[in-house]
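Working notes for the structure below.
What you see below is based on every heavy atom in this structure, not just the backbone, and it leaves out hydrogens, waters and symmetry mates.
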Amino acid sequence: MANKDYLPARDALLLMFLLNMSARLTATPTAYGITAAQASAFAALVADFETRLGTASDPLTRTKVSVQLKNTSRTAVKSAARALARQVNADPDTTDGQRVELGLTVPDSEPTPAGAPTNQPDVVIEGTSGLQALVRITPGGSTNGRARAPGSAGSQISYAIRPMTDPAPTSPAECQPGGLATRTTHVLPIPPGSAGKVLWVMAQWYSVKGELGPVSNAAAALIAA
């Protein structure tokens, strides 16, 4: 299984987990899709780890050698536990309830599709200088400075440069591509001869699958000379 966090990191908790797993597998191995021989071999590894952990934890017997032996035993039993967990999960007759009894993570068999982002970005043109403009794109309603909306991989920028007397663009179809931004700020190129005109910028969040969310309101700024 993909998630390996079901094995506790602390030795004492790990031992409790392994003792429970071993007891259940030993009692009814075929119910979990393994053999009695596999359950017996695993029980021996768990017993060895229990003994060596006790030796390494007792101040009277704790030495560098006893700690090393405990660590070696822990590595072996954890490897065996993961191998058995994969076998249990691969058995079509094993139920999620049995997995829970063993302490395993129940796999999500029906992941929920992420879908297109639903947040409308906020776009601010922070300034124009020379042949470029600095644009800031943040999630709509954000107060924590997040760079992207939840479920998005970045934002798609569209922009238009028009005379002051022309109306604002109403959709990205009336603009030209301004690139993809994966951070809060994005630099847009400004062609020569644009001074005195108005820069209009729109943005849309896009998902990892390229699905586009709603379009932002058009931000505007007068292009400086």
Side-chain angles (χ1 to χ4, degrees), residues 1-115 117 138-139 142-154 181-185 205 207-209:
M1 57 193 299
N3 189 345
K4 298 182 179 181
D5 294 336
Y6 56 89
L7 289 182
R10 294 179 58 186
D11 285 342
L13 296 179
L14 176 62
L15 178 60
M16 292 176 61
F17 177 97
L18 295 171
L19 288 171
N20 171 72
M21 183 178 183
S22 179
R24 293 182 181 277
L25 294 180
T26 299
T28 55
T30 56
Y32 294 96
I34 70 169
T35 67
Q38 287 178 301
S40 178
F42 181 60
L45 289 174
V46 174
D48 181 73
F49 175 61
E50 183 177 19
T51 299
R52 297 193 183 280
L53 176 59
T55 302
S57 302
D58 188 336
L60 297 177
T61 55
R62 181 180 177 85
T63 64
K64 289 183 178 180
V65 173
S66 66
V67 171
Q68 181 59 50
L69 290 173
K70 181 266 295 183
N71 291 340
T72 300
S73 179
R74 180 181 60 190
T75 299
V77 74
K78 287 177 66 176
S79 177
R82 295 193 193 284
L84 288 174
R86 288 192 293 269
Q87 187 170 338
V88 168
N89 282 321
D91 182 18
D93 295 327
T94 302
T95 66
D96 286 345
Q98 289 174 303
R99 294 184 178 95
V100 171
E101 288 176 348
L102 293 180
L104 306 182
T105 302
V106 177
D108 184 2
S109 58
E110 297 181 359
T112 303
T138 56
S142 174
T143 59
N144 58 6
R146 294 183 60 146
R148 297 195 300 268
S152 68
T182 57
R183 298 184 177 182
T184 304
T185 56
W205 299 115
S207 71
V208 292
K209 293 184 177 180

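Shown here are the side-chain hydrogen bond (donor to acceptor under 3.5 Å, both in side chains) partners of Asn71, two or more places apart in sequence or in another chain: Arg74. Legend: residues meeting side-chain contact (heavy atoms from CB on, under 4.5 Å) with Thr35, ordered by chain and number and at least two apart, are Ala37, Gln38. By the side-chain contact (heavy atoms from CB on, under 4.5 Å) test, Gln68 pairs with Thr72, sequence neighbours left out. By the side-chain contact (heavy atoms from CB on, under 4.5 Å) test, Ala153 is found to be paired with Tyr206, Val208, residues two or more places apart in sequence or in another chain being considered. Residues meeting the side-chain contact (heavy atoms from CB on, under 4.5 Å) test with Ser79, sequence neighbours left out: none. Applying the side-chain hydrogen bond (donor to acceptor under 3.5 Å, both in side chains) rule to Glu101 yields the partners Tyr32; only residues at least two apart in sequence or on another chain are considered. In this structure, the side-chain hydrogen bond (donor to acceptor under 3.5 Å, both in side chains) partners of Thr63, at least two apart in sequence or on a different chain, are Ser66.
Under a 3.5 Å cut-off, the side chain of Gln98 and the backbone N or O of Ala31 do form a donor-acceptor pair. Ser152 contributes no side-chain N or O that, together with a main-chain N or O of Ser207, makes up a donor-acceptor pair within less than 3.5 Å.
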Intermediate values then yes/no, side chain to side chain contact (heavy atoms under 4.5 Å, CB included), Leu18 and Glu50: CA-CA 9 Å; Leu18 295 171; Glu50 183 177 19; over 6 Å; no
Stepwise side chain to side chain contact (heavy atoms under 4.5 Å, CB included) test for Thr94 and Asn89: CA-CA 7 Å; Thr94 302; Asn89 282 321; over 6 Å; no
Chi angles and distances behind the side chain to side chain contact (heavy atoms under 4.5 Å, CB included) call for Tyr6, Arg82: CA-CA 9 Å; Tyr6 56 89; Arg82 295 193 193 284; 3.6 Å; yes
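Atom-to-atom distance recorded for Arg10:CZ and Leu15:CG is 12.5 Å, nearest 0.5 angstrom. In this structure, Leu25 CG and Asn20 CG are separated by 9.0 Å, a value rounded to the nearest 0.5 Å. Note that CZ of Arg86 and CG of Asp91 are 15.5 Å apart. Values are rounded to the nearest 0.5 Å.
Sequence neighbours left out, not one pair with a member in residues 53-62 passes side-chain hydrogen bond (donor to acceptor under 3.5 Å, both in side chains). Applying the side-chain hydrogen bond (donor to acceptor under 3.5 Å, both in side chains) test to residues at least two apart or on different chains, the pairs with a partner in residues 39-48 are Asp48-Arg52, Asp48-Ser73.
Shown here for Trp205 and Pro139, the closest heavy-atom pair between the two residues is CZ2-N, 3.5 Å. Counting all heavy atoms, side chain and backbone alike, Ala85 lies closest to Met21 at N-CE, 4.3 Å. The two residues Arg99 and Val88 have their closest heavy-atom pair at NH2-O, 4.1 Å.
No side-chain heavy atom of Phe42 sits less than 4.5 Å from a side-chain heavy atom of Ile34. Between Phe49 and Leu14 there is a side-chain heavy-atom pair separated by less than 4.5 Å.
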